[in-house]
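Below you'll find the structure, written out as structure tokens, and then a few comments.
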Amino acid sequence: MFRSLFTLFALLASASAFAPVAFVPVAKQTALSAMPSLKQALPAVAAAVPATFLPSMAMATEGTNEWLGVDDLRLLAVLFVGHWAILSLYLNWSKDQNPEDEDFFGEIDYPKGTQGK
């Protein structure tokens, strides 16, 4: 019985979410008018600055208190060396792929009399 009543109320609640809104409220005050002077905003800014810069100073620890969330330095070294190895392979492969003096798309064949137009 309780389950069926709960289901009925959940169905009515979800159906009311699709009902049209008759009145759209308009804000009379904005966030800028909430703090009229710099003197009142200074404590809020002073509180926000450390919270903003501490994660970047901790090298994005992601809650593990270690760099990049890795708690073993050997794993961190493997991550960096692996990325550098793949980057060096790619750079060695790509250095001879397309010389700068060659046109990548090939030459454009213009019909006679329309060159440069």
Side-chain angles (χ1 to χ4, degrees):
M1 177 69 180
F2 182 72
R3 179 183 278 172
S4 61
L5 280 174
F6 178 76
T7 306
L8 176 68
F9 286 133
L11 181 65
L12 289 175
S14 63
S16 68
F18 295 104
V21 178
F23 173 72
V24 178
V26 178
K28 297 191 186 321
Q29 285 187 342
T30 63
L32 291 176
S33 65
M35 284 193 220
S37 71
L38 181 62
K39 224 176 212 183
Q40 290 177 338
L42 194 60
V45 171
V49 167
T52 304
F53 290 114
L54 280 177
S56 64
M57 291 185 334
M59 296 294 292
T61 62
E62 299 173 1
T64 61
N65 220 15
E66 299 291 337
W67 286 7
L68 302 173
V70 178
D71 58 352
D72 189 3
L73 289 179
R74 295 175 294 174
L75 179 59
L76 192 62
V78 168
L79 284 172
F80 281 114
V81 169
H83 282 89
W84 285 333
I86 292 171
L87 177 66
S88 67
L89 288 173
Y90 171 74
L91 291 176
N92 283 331
W93 170 81
S94 68
K95 68 181 172 187
D96 295 326
Q97 289 299 313
N98 189 18
E100 292 293 325
D101 58 345
E102 222 177 278
D103 187 11
F104 179 76
F105 293 105
E107 294 181 16
I108 299 174
D109 296 327
Y110 290 108
K112 292 204 185 271
T114 60
Q115 269 187 330
K117 290 185 182 179

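Side chains included, hydrogens not; waters and symmetry mates left out as well; all remaining heavy atoms used. Quick caveat: nothing in here was measured; it's all calculated off a predicted structure.
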Please work out which of the three classes, parallel, tilted or perpendicular, describes the rings of F6 and F2, given edges at 30° and 60°.
-> parallel
Approximate separation, where rounding is to 0.5 Å, of I86 CD1 and L91 CG = 12.0 Å
So if you build clusters from Ile, Leu, Val, Met, Phe, Trp, Tyr with side-chain heavy-atom gaps below 4.5 Å, do L75 and L73 land together?
-> yes
Measure the CH2-OG distance between W93 and S88 for me, rounded to the nearest 0.5 Å.
-> 14.0 Å
